[in-house]
Enquirer: 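First, the structure itself, so that you have it in front of you.
These figures come from a predicted structure and were not determined experimentally. Order of appearance sets the numbers: ligands from 1, and atoms from 1 within every ligand.
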Amino acid sequence: MPKVVVIGAGIVGTSLADELTARGWTDVTLVDRGPLFATGGSTSHAPGLVFQTNPSKTMTAFARYTVEKFSALQHPDGWAFNPVGGLEVATTAERLADLHRKVGWAQSWGIDGHLLSPAECAALHPLIDTDRILGGFHTPADGLAKALRAAEAQARRAEARGATLRPHTEVLGVLDNGRRVTGVRTADGVLEADVVVCAAGFWGAQFARQVGLVLPLVPMAHQYARTGQIAELVGRNTERTEAGLPILRHQDQDLYFREHVDRLGIGSYSHRPMPVDMTHLLADTAGEPMPSMMPFTEEDFAPAWRAAAELLPALGDAKVEEAFNGIFSFTPDGFSLMGEHRELPGFWVAEAVWVTHSAGVAKATAEWIIDGTPSIDTHECDLYRFEDAARSPEFVLQTSTQAFVEVYDVIHPHQHRTALRGLRTSPFHHRHTELGAYFFEGGGWERPAWFESNSTLAQRLFDDGLAVPDRDEWAGRFWSPISVAEAHWTRQSVAMYDMTPLTRYEVCGPGAASFLQRMTTNNVDKSVGSVTYTLLLDDAGGIRSDLTVARLGPDTFQVGANSPMDLDWLSRHKPSDVMLRDITGGTCCLGVWGPKAREVLAPLCPDDLSHGAFGYFRARHTHLGAIPVTMMRVSYVGELGWEIYASAEYGAALWDLVAESGAPHDIIPAGRIAFNSLRIEKGYRSWGTDMTAEHRPAAAGLDFAVRFGKDTDFVGKEALQTAAAPATTLRSIVFDDPDAAVLGKEPVSLGGTCVGYITSAGHSATIGRTIAYAWLPSHVAVGDVVTVAYRGATHAARVHAEPVVDPEMTRIKR
Ligand code: FAD
Ligand code: THG
């Protein structure tokens, strides 16, 4: 049986010991530098509020599992979970509207939650001043976790199954044999291990550095205060129940509240960000009871106290009785860090995890370690989701600080960060700026969303009858009607798209073909010049990514991919006779698409670009003017045209060359919003949004990219062959009301019952309506009417056959 050492006996480490031993891996040693179970880590003083609803389906599922698990734990001192319910109040119209959106997430992910009037809120929580609020979001199953009891109950259960608990033992180093982990070194000697899991809380980043691993997390101080006795609370609770009122969030003032018998606990995020410098930590906490506690800085709390007393007038005469600045981890995107060190197999991390998500993260980690694949999609938490630049100390600090500041803010789904912009720009960037591009950020790249230079064309098209949806303020944010004109013009004439940020790899060497055959579902071992759309699956048959594989030579392939996780996955499986290289940086890509694309490009190219000579899904090296390029006849927007790749130094000239040749054909630059709406019209999925490892190809409508009959077995094949028919499938729906817009994650109902959720959506210029993807029960038929809840409104939509636009492929294959 494999030996496991778990570093850290906080809520994550103890939960993991429980999950591992429950699966029969009982040779687990749980090590902590501190005493058990108030080790001195973040868990020791976490007030334990568990609000389950989260924009992320996965994080919500982690929280729900934590609630279920903790509810069933037994501890001699009493409850480990107290389901007092959760209440989030709104004091602004924008927050109230956002609570509607939260109701939507709750429905989409299966959490019971609804909106309440101010009076109903006060009935649940009588300390609230009803005049201060506009309403609230109530979730009856949320509540309080007693983190230390939950930690102890889980650790004791693990111990009963054979695990060893080792308090007062600091892990000083990790041992390996040059290939994988062999154990850890502690002050008391070596503990042998096949698997070491770093669950060291906010110390994890510092610890993991010794094995060459960057954990993008920042320890931050966060204020928590307990009041003295509050008259209104006296007699409400016993020492045993502790609390009866719902846990409360006042997010407009960055505050949360819970009861401690007849006192109130107040947590505040309203203060300046306080990143903790680990090198000074011990000195900074000297005199405090625990190393994760810093002295309370009263001046930071004063505004929070005033805001708290406004919402809860009962605080009027009360005072802060005890308070501290507690430390826990923040990450650039707010998600946890999970996975195995690629260069040191056997070294795992489960870091930056709230009590709220702890049991869910532990379960997924145990499954990942033991079965090889977690039963839930973890891509948002994947250790290897970060671009290189995003792992720099500068980036991690700035974005994690922003995550702290924004922790309770209303965040628009298309809102992009403002710090550290302009990190990655394509060679077309100068022109984009001149053309009035409005930029989105993605993967560090500046990506044009639309171009103001198209406003005259847009106006002309609108005057001629092109319909523009009347979007509300929310759906109209980070959006422009110009994007509708750009999409229309792509189908009508021709447009150029910056595809430089599209992740691409070169895969070469004698083993390249067989490697890609084994890693992906489609047959990629075709003639030089072929391009193949194919899928990366995990061992359970879940979709890890979708790729294009272009064979540029017998042993040379170019792979179009989705995220840094693809490089990670391929690297882990790569044999030594294959070279794998990310060539995204240093190259550029221009998409030229539309019915006139051939007329624009043919005069520049010595090769014959006719359909007969350069077919669909073919690639070749050639020249445009004097510029060496690789052209691929691929179009994510579903039009005639090419992706044109060049070395970056040619990029600026390439843009101008195509723009000039296109001028007589009225070529335009077009942005991401048009791009997105066109690919949705065409039925093309976007990995990470429309589908994830949670879904198999059949469910996502991608069976056509799986070749069971090819010579080679491929990763995930066996799992697909034994899989039952999918219960839910990805469908296209079209909204009735031309002005209806949705932005993603909204719940979809059939006959009044929520049966699914939206993934992505876009206004289709071609049919003048919003088209969205939704996960729906497989029995749903084309023509069925569904309703979608959008921030308090209800929109009717119809399930449509796919693709909505050009099912015969006549636009592309000509
Ligand atoms: P920890 O509890 O810190 O455990 C890590 C352990 O690793 C420690 O015991 C440490 O001693 C040990 N360790 C580290 N290095 C070594 C080593 N080299 N050798 C041996 N042992 C080592 N979360 C919520 O969900 N809801 C809340 O309401 C909430 N409120 C919070 C309020 C405050 C004031 C704070 C500070 C945090 C709050 N959190 C809350 C966050 C939550 O407390 C943490 O995210 C969570 O407890 C982290 O658990 P952990 O097991 O990862 O880390
Ligand atoms: N271009 C390139 N690589 C990519 C993308 C791209 N890799 C990642 C991502 N985008 C992959 N997604 C798609 C989705 C659909 C198609 C291409 C890439 C596509 N599908 C055709 C269809 O379904 O009709 C394929 C048909 C076939 O298999 O022949 O074109 O944008 N380079």
Side-chain angles (χ1 to χ4, degrees), residues 6-16 31-51 63 66 144-145 147 151 166-173 184 186-187 198-204 206-207 220-224 247 256 258 265 267 290-293 324-329 336 350-358 361-362 499 502-504 522 531-535 545-550 558-562 566 589 591 616-617 619 632 634-638 643 645 675 679 682-687 701-702 704-705 803 809 812:
V6 178
I7 307 169
I11 195 66
V12 176
T14 52
S15 201
L16 183 60
V31 190
D32 203 292
R33 153 168 78 205
L36 298 177
F37 284 89
T39 60
S42 307
T43 305
S44 308
H45 46 68
L49 289 81
V50 177
F51 288 95
T66 305
L144 285 167
R166 286 264 211 150
H168 306 293
T169 307
E170 175 155 18
V171 177
L172 300 170
V184 297
T186 76
C198 180
F202 68 81
W203 290 278
Q206 211 182 20
F207 185 85
M220 296 263 200
H222 153 60
Q223 295 200 295
Y224 192 75
I247 52 173
Y256 65 83
R258 60 157 289 182
M290 291 184 182
S292 59
M293 293 171 117
F324 60 99
N325 293 2
I327 307 171
F328 71 108
S329 306
S336 300
E351 288 286 344
V353 184
W354 287 20
V355 171
T356 301
H357 309 111
S358 56
V361 167
M499 297 293 288
L502 170 77
T503 310
R504 51 195 168 273
N522 211 334
V531 182
T532 310
Y533 176 71
T534 186
L535 307 173
S545 189
D546 63 340
L547 311 174
T548 57
V549 174
Q558 183 172 319
V559 173
N562 284 299
D566 296 341
C589 178
Y616 181 55
F617 263 67
M632 280 185 211
V634 170
S635 171
Y636 201 50
V637 303
E643 290 176 351
Y645 297 87
F675 181 83
R679 66 103 189 156
K682 195 64 186 76
Y684 296 159
R685 283 82 168 113
S686 174
W687 186 85
L702 296 176
F704 71 89
M809 302 286 279
I812 299 187

Enquirer: Side chain, backbone, both or neither: which part of Asn562 comes within less than 4.0 Å of ligand 2 when only heavy atoms are counted?
Expert: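 Only the side chain of Asn562 comes within reach of ligand 2.
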
Enquirer: Would you say Val355 has any N or O atom under 3.5 Å from an N or O of ligand 1, going by distance alone?
Expert: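 Val355 vs ligand 1: N/O contact under 3.5 Å present.
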
Enquirer: Test your reading of the structure: does Tyr224 have an N or O sitting under 3.5 Å from an N or O of ligand 1?
Expert: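 No, no N or O pair falls under 3.5 Å.
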
Enquirer: Go through ligand 2 atom by atom and flag the ones less than 4.0 Å from a non-hydrogen atom of Met809.
Expert: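 Once the distances to Met809 are compared, the set is 24 (O).
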
Enquirer: Show the atoms of ligand 1 that are less than 4.0 angstrom away from any heavy atom in Gly326.
Expert: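 Those atoms are 36 (C).
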
Enquirer: Does any N or O atom in Arg685 lie less than 3.5 angstrom from one in ligand 2, N or O only?
Expert: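 For ligand 2, there is no N or O atom that lies under 3.5 Å from one belonging to Arg685.
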
Enquirer: Side chain, backbone, both or neither: which applies to Gln223 and ligand 1 if a contact is any heavy-atom pair less than 4.0 Å apart?
Expert: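 Neither part.
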
Enquirer: Would you say ligand 1 has an N or O under 3.5 Å from any N or O of Asp32?
Expert: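 So ligand 1 has an N or O lying under 3.5 Å from an N or O of Asp32.
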
Enquirer: One residue to check: Arg679. Relative to ligand 2, which of side chain, backbone, both or neither has a non-hydrogen atom less than 4.0 Å away?
Expert: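 Answer for Arg679: neither.
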
Enquirer: Taking N or O atoms only and a 3.5 Å limit, does Thr43 qualify as a polar contact for ligand 1?
Expert: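 By distance alone, the answer is yes.
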
Enquirer: Between Phe675 and Met499, is a side-chain contact (heavy atoms from CB on, under 4.5 Å) present by the stated rule, with each step listed?
Expert: CA-CA 10 Å; Phe675 181 83; Met499 297 293 288; 3.6 Å; yes

Enquirer: Hey, is ligand 1 close enough to Phe324 that some N/O pair sits below 3.5 Å?
Expert: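 Checking ligand 1 against Phe324, no N or O pair falls under 3.5 Å apart.
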
Enquirer: Is there a polar contact between ligand 1 and Gly13, counting only N or O atoms under 3.5 Å apart?
Expert: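 No - when backbone and side-chain N and O of Gly13 are compared with those of ligand 1, no distance drops under 3.5 Å.
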
Enquirer: Where's the contact between Leu502 and ligand 2, heavy-atom distance under 4.0 Å: side chain, backbone, both or neither?
Expert: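 Contact part for Leu502 vs ligand 2: side chain (C-beta onward).
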
Enquirer: Please could you name the atoms of ligand 2 that Phe617 approaches to less than 4.0 Å, counting only its heavy atoms?
Expert: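 By the 4.0 Å cutoff, the relevant atoms are 19 (C), 25 (C), 30 (O).
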
Enquirer: Between Tyr533 and Asp546, does any side-chain donor sit less than 3.5 Å from a side-chain acceptor?
Expert: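 Looking only at side-chain atoms, Asp546 and Tyr533 do form a donor-acceptor pair, the distance falling under 3.5 Å.
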
Enquirer: Pick, from Phe675, Tyr684, Trp687, Tyr636, the option with the minimum heavy-atom distance to atom 13 (C) of ligand 2.
Expert: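 The nearest heavy atom belongs to Tyr636.
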
Enquirer: Quick one: does ligand 1 sit under 4.0 Å from the side chain of Leu172, the backbone, both or neither, non-hydrogen atoms only?
Expert: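 For Leu172, no heavy atom sits under 4.0 Å from ligand 1.
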
Enquirer: Heavy atoms only, cut-off 4.0 Å: how does Phe202 contact ligand 1, side chain, backbone, both, or neither?
Expert: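 Neither part.
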
Enquirer: Taking distance alone, with N or O pairs closer than 3.5 Å, would you say Phe207 contacts ligand 1?
Expert: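 N/O-N/O distance below 3.5 Å does not exist for this pair.
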
Enquirer: With no hydrogens and no angle check, do the side chains of Asn562 and Ser545 hold a donor and an acceptor under 3.5 Å apart?
Expert: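 Distance-only check passes for Asn562 and Ser545.
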
Enquirer: Considering only heavy atoms, does Ala550 approach ligand 2 within less than 4.0 Å through its side chain, its backbone, both, or neither?
Expert: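 Neither; nothing of Ala550 gets under 4.0 Å from ligand 2.
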
Enquirer: Is Val171 in polar range of ligand 1, meaning some N or O pair under 3.5 Å apart?
Expert: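 There is such a contact, yes.
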
Enquirer: With heavy atoms only and a cut-off of under 4.0 Å, state how Trp203 meets ligand 1: side chain, backbone, both or neither.
Expert: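 Looking at Trp203 and ligand 1, just side chain atoms fall under 4.0 Å.
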
Enquirer: List ligand 1 atoms under 4.0 Å from Ala200, heavy atoms only on the residue side.
Expert: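 Those of ligand 1 that fall under 4.0 Å from Ala200 are 5 (C), 7 (O), 14 (C), 15 (N).
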
Enquirer: Considering His45, His222, Glu351, His357, which one's heavy-atom position lies nearest to atom 36 (C) of ligand 1?
Expert: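 Among His45, His222, Glu351, His357, the closest heavy atom to atom 36 (C) of ligand 1 comes from His45.
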
Enquirer: Show me which atoms of ligand 1 lie under 4.0 Å from any heavy atom of Ala199.
Expert: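 Those of ligand 1 that fall under 4.0 Å from Ala199 are 5 (C), 7 (O).
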
Enquirer: Less than 6.0 Å separating the ring centroids of His45 and Phe324?
Expert: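 When the ring centroids of His45 and Phe324 are compared, they turn out to be within the sub-6.0 Å range.
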
Enquirer: Using heavy-atom distances only, which candidate in Asp546, Thr503, Asn522, Ile812 approaches atom 12 (N) of ligand 2 most closely?
Expert: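 Residue with the shortest heavy-atom distance to the ligand atom: Asp546.
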
Enquirer: Under 4.0 Å from a heavy atom of Phe704: which atoms of ligand 2 are those, numbered in the order shown and with their elements?
Expert: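 Once the distances to Phe704 are compared, the set is 23 (O), 28 (O).
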
Enquirer: Determine whether the side chain, the backbone, both or neither of Val50 has a heavy atom under 4.0 Å from any heavy atom of ligand 1.
Expert: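 For Val50, there is no contact with ligand 1 at all, from either part.
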
Enquirer: Closest by any non-hydrogen atom to atom 43 (O) of ligand 1: pick that one out of Ala362, Gly40, Ala46, Gly34.
Expert: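 Nearest heavy atom to atom 43 (O) of ligand 1 lies in Ala46.
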
Enquirer: I'd like to know if Tyr616 contacts ligand 2, where contact means a heavy-atom distance under 4.0 Å to any ligand atom.
Expert: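 It does; at least one heavy atom falls under 4.0 Å.
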
Enquirer: Heavy atom under 4.0 Å from ligand 1: found in Ser44's side chain, backbone, both, or neither?
Expert: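 For Ser44, there is no contact with ligand 1 at all, from either part.
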
Enquirer: Have a look at ligand 2 and work out which part of Tyr645, if any, has a heavy atom under 4.0 Å from it: side chain, backbone, both or neither.
Expert: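 The answer is the side chain.
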
Enquirer: Please state whether Lys682 comes within less than 4.0 angstrom of ligand 2, counting heavy atoms only.
Expert: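 Lys682 does not count as a contact of ligand 2 under the 4.0 Å cut-off.
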
Enquirer: Under 3.5 Å between any N/O of Glu170 and any N/O of ligand 1: does that happen in this structure?
Expert: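 The answer is no, given that Glu170 and ligand 1 share no N or O pair closer than 3.5 Å.
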
